[in-house]
Asks: 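One structure is given below, represented as structure tokens, and several questions about it will come after.
Computed from a predicted model, the values in this text were never measured in an experiment. First listed ligand is number 1; within each ligand, the first listed atom is number 1.
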Amino acid sequence: MAYTEPAYAKLNLTLDILGRRDDGYHDMRMVMQSIDLQDLVSVSLQEEPGLTLTTNLPYLPRDGSNIAIKAATQFFRDTGLPLPGLSIDIQKNIPVCAGMAGGSSDGAAVLRLLRQLCLPELPQGQLEETGGRVGSDIPYCVRGGTALAEGRGEILTSLPPLPPCWIAVCKPPCSVSTPELFAQVRVKRLRCHPDTAGMLEALSSGDLDGIAHRLYNVFEDVLPRRYAQVFEIKAALLNLGAMAASMTGSGPTVFGLFPEREPAAQAVQILSEKFPAAFLCRPTPSCFPPHP
Ligand code: ATP
């Protein structure tokens, strides 16, 4: 029998880089939001030992380099449970290398499924810690919803949900190298930073206007000129009535917030004529009901 979970894409409502650490990572402060653009991840126990992976996307790795396999391996390492025969299937809808944490979200869905299947009493915090050993975005993806992510991304604080709204999401047909972008950042030279405190306040008071006006991603300020399509999409979203628009993660995906469905749907329709990877989305709540 296969057990299936949605793996939601994430957007950065804010992304700030506070400094570079001695271990080579950067200290981040990010307000994250999951949206209903989703992969579907299934796991099923098999009699044959070993881990196998199938997916609808032919160029996705199917060996131990797939984040879903890494997550499953880490789960059994951390819990000490014997590794059973396990097959994982990923139906991929989230664009790859898009700044939407698609791979991390698949890994996180595998962790949630394995907990449900093998160790339901495992506290959420421990599952998130296991995720953090696999990748910086995975603890957030395990939890989902609206959250502040600090440190490498593993220090999480759940936040009040984004008020109901519509989100037009569009990925141009290019991919940005995250290490290259980090290499462009000189933290002391960053002139502008997101107003994270103001964003938290706006979320607390359910002020969609205040949230929209505080969308900010410092990576946009160091994005090389060859990624002009990012700014083209951002300008188009604003022209099409978005309250505000921003790049997510290390890009190149851009999203715009709309209070109503109709203009958001129209923006997606218009953008999709030039950029086929355009999606009409809504925010999603945390994947977890409150858990010890
Ligand atoms: P982030 O927002 O966390 O920086 P991303 O959305 O930019 O992530 P992903 O789509 O997660 O990037 O994929 C990044 C790389 O990970 C790709 O090179 C891809 O081949 C590899 N990868 C491994 N496993 C997966 C997976 N399950 N889904 C997507 N990509 C995967």
Asks: For ligand 1, note which part of L60 has a heavy atom under 4.0 Å away: side chain, backbone, both or neither.
Replies: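 Only the side chain of L60 comes within reach of ligand 1.
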
Asks: Cluster question for you: counting only ILVMFWY and a side-chain heavy-atom cut-off of under 4.5 Å, with indirect links fine, are F76 and I138 together?
Replies: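 Yes, one cluster joins them.
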
Asks: If you scan the protein for heavy atoms around atom 21 (C) of ligand 1, do you find one that is closer than 4.0 Å?
Replies: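 So far as the 4.0 Å threshold goes, atom 21 (C) of ligand 1 is out of reach of every protein heavy atom.
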
Asks: Non-hydrogen atoms of K70 versus ligand 1: any pair closer than 4.0 Å?
Replies: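 No, that is not the case, since the closest heavy atom of the residue is not under 4.0 Å from the ligand.
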
Asks: Show me which atoms of ligand 1 lie under 4.0 Å from any heavy atom of G102.
Replies: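 Ligand 1 atoms under the 4.0 Å threshold to G102: 6 (O), 11 (O).
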
Asks: Using the rule that Ile, Leu, Val, Met, Phe, Trp and Tyr join whenever any side-chain heavy atoms are under 4.5 Å apart, tell me whether V187 and Y216 fall into a single cluster.
Replies: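 In one cluster: yes.
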
Asks: Please identify which atoms of ligand 1 are closer than 4.0 Å to at least one heavy atom of I90.
Replies: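 Contacts of ligand 1 toward I90, numbered from 1: 27 (N).
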
Asks: Out of D137, N12, T248, whose heavy atom sits nearest atom 3 (O) of ligand 1?
Replies: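 It is D137 whose heavy atom sits nearest to atom 3 (O) of ligand 1.
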
Asks: Counting each atom of ligand 1 from 1 as listed, which ones have a heavy atom of C97 under 4.0 Å away?
Replies: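 Near C97, the atoms of ligand 1 are 5 (P), 7 (O), 9 (P), 10 (O), 12 (O), 13 (O), 14 (C), 17 (C), 18 (O).
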
Asks: Within the 4.0 Å heavy-atom shell around A98, which atoms of ligand 1 are there?
Replies: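 The atoms of ligand 1 under 4.0 Å from a heavy atom of A98 are 5 (P), 6 (O), 7 (O).
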
Asks: Checking side-chain polar atoms at under 3.5 Å, does S65 have a donor or acceptor matched by the opposite partner on D63?
Replies: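 There is such a pair (donor and acceptor under 3.5 Å, judged by atom type) between the side chains of S65 and D63.
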
Asks: Do M30 and L148 have side-chain heavy atoms sitting under 4.5 Å apart?
Replies: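 Counting from C-beta outward, M30 and L148 never come under 4.5 Å.
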
Asks: Would T178 count as a polar contact of ligand 1, with the cut-off being nitrogen or oxygen pairs under 3.5 Å?
Replies: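 Among all N and O atoms of T178, none is under 3.5 Å from an N or O of ligand 1.
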
Asks: Give the atoms of ligand 1, by number and element, whose distance to some non-hydrogen atom of S65 is under 4.0 Å.
Replies: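 Those qualifying, in numeric order: 23 (C).
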
Asks: Is any N or O atom of G99, backbone or side chain, closer than 3.5 Å to an N or O atom of ligand 1?
Replies: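 Yes, G99 has an N/O under 3.5 Å of an N/O on ligand 1.
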
Asks: Please work out whether the ring planes of F219 and F182 are parallel, tilted or perpendicular, with thresholds of 30° and 60°.
Replies: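 F219 vs F182 ring planes: perpendicular.
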
Asks: Which one holds for A68 and ligand 1: side chain close, backbone close, both close, or neither close, with close meaning a heavy atom under 4.0 Å?
Replies: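 It is neither part, as no heavy atom is under 4.0 Å.
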
Asks: Out of all atoms in ligand 1, which are within 4.0 Å of some heavy atom of I67? Include the element for each.
Replies: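 It comes down to these atoms of ligand 1: 23 (C), 24 (N).
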
Asks: Give the residue and atom name of whichever protein heavy atom lies nearest to atom 2 (O) of ligand 1, and the separation in Å to one decimal.
Replies: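 Checking every protein heavy atom, the shortest distance to atom 2 (O) of ligand 1 gives A101 N, 2.9 Å.
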
Asks: Is the number of heavy atoms from other residues, nucleotides or ligands under 6.0 Å of E273 CD greater than 12?
Replies: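 Buried by this count: over 12 neighbours within 6.0 Å.
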
Asks: For atom 29 (C) of ligand 1, what is the nearest protein heavy atom, given as residue, atom name and distance?
Replies: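 In this structure, atom 29 (C) of ligand 1 has K92 NZ, 3.5 Å as its nearest protein heavy atom.
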
Asks: Please evaluate residues D89 and T54 with respect to the criterion side chain to side chain donor-acceptor pair (under 3.5 Å), reporting the C-alpha separation (whole Å), side-chain torsions for both, the decisive distance (0.1 Å), and the verdict.
Replies: CA-CA 5 Å; D89 180 69; T54 50; 2.7 Å; yes

Asks: With hydrophobic residues grouped by side-chain heavy-atom distances under 4.5 Å, do I69 and L117 end up in a single group?
Replies: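 Same cluster.
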
Asks: Taking the side chain as every heavy atom from C-beta outward, state whether L81 and F75 have any pair of such atoms under 4.5 Å apart.
Replies: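 When only atoms from C-beta onward are counted, F75 and L81 do touch, with a gap below 4.5 Å.
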
Asks: In the structure I gave you, are the side-chain heavy atoms of C165 and F258 within less than 4.5 Å of one another anywhere?
Replies: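 C165 does not reach F258 side chain to side chain.
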
Asks: List the steps and the verdict of side-chain contact (heavy atoms from CB on, under 4.5 Å) for E154 and S136.
Replies: CA-CA 6 Å; E154 82 287 13; S136 302; over 6 Å; no

Asks: Which residue supplies the protein heavy atom nearest to atom 11 (O) of ligand 1, what is that atom called, and how far is it?
Replies: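 The closest heavy atom on the protein side is G103 N, 2.7 Å.
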
Asks: Could you identify the single nearest non-hydrogen protein atom to atom 19 (C) of ligand 1 and state the distance to 0.1 Å?
Replies: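 Nearest neighbour among protein heavy atoms for atom 19 (C) of ligand 1, to 0.1 Å: V96 CG1, 4.0 Å.
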
Asks: Would M100 count as a polar contact of ligand 1, with the cut-off being nitrogen or oxygen pairs under 3.5 Å?
Replies: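 Between M100 and ligand 1 (N or O atoms, distance only) the closest approach is under 3.5 Å.
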
Asks: By number and element, which atoms of ligand 1 are closer than 4.0 Å to a non-hydrogen atom of D106?
Replies: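 Numbered from 1, ligand 1 contributes 26 (C), 27 (N), 28 (N).
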
Asks: Please compare D39, N66, L53 and report which has the shortest non-hydrogen distance to atom 25 (C) of ligand 1.
Replies: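 Nearest option to atom 25 (C) of ligand 1, by heavy atoms: N66.
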
Asks: Indicate whether the side chain of D78 and that of T130 have a donor and an acceptor atom separated by less than 3.5 Å.
Replies: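 Side chains of D78 and T130: pair found under 3.5 Å.
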
Asks: Does the side chain of K274 come within less than 4.5 Å of E232's, by heavy atoms?
Replies: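 When only atoms from C-beta onward are counted, K274 and E232 do touch, with a gap below 4.5 Å.
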
Asks: Quick check on contacts: which atoms of ligand 1 are under 4.0 angstrom from a heavy atom of P61?
Replies: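 Those atoms are 20 (O), 23 (C).
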
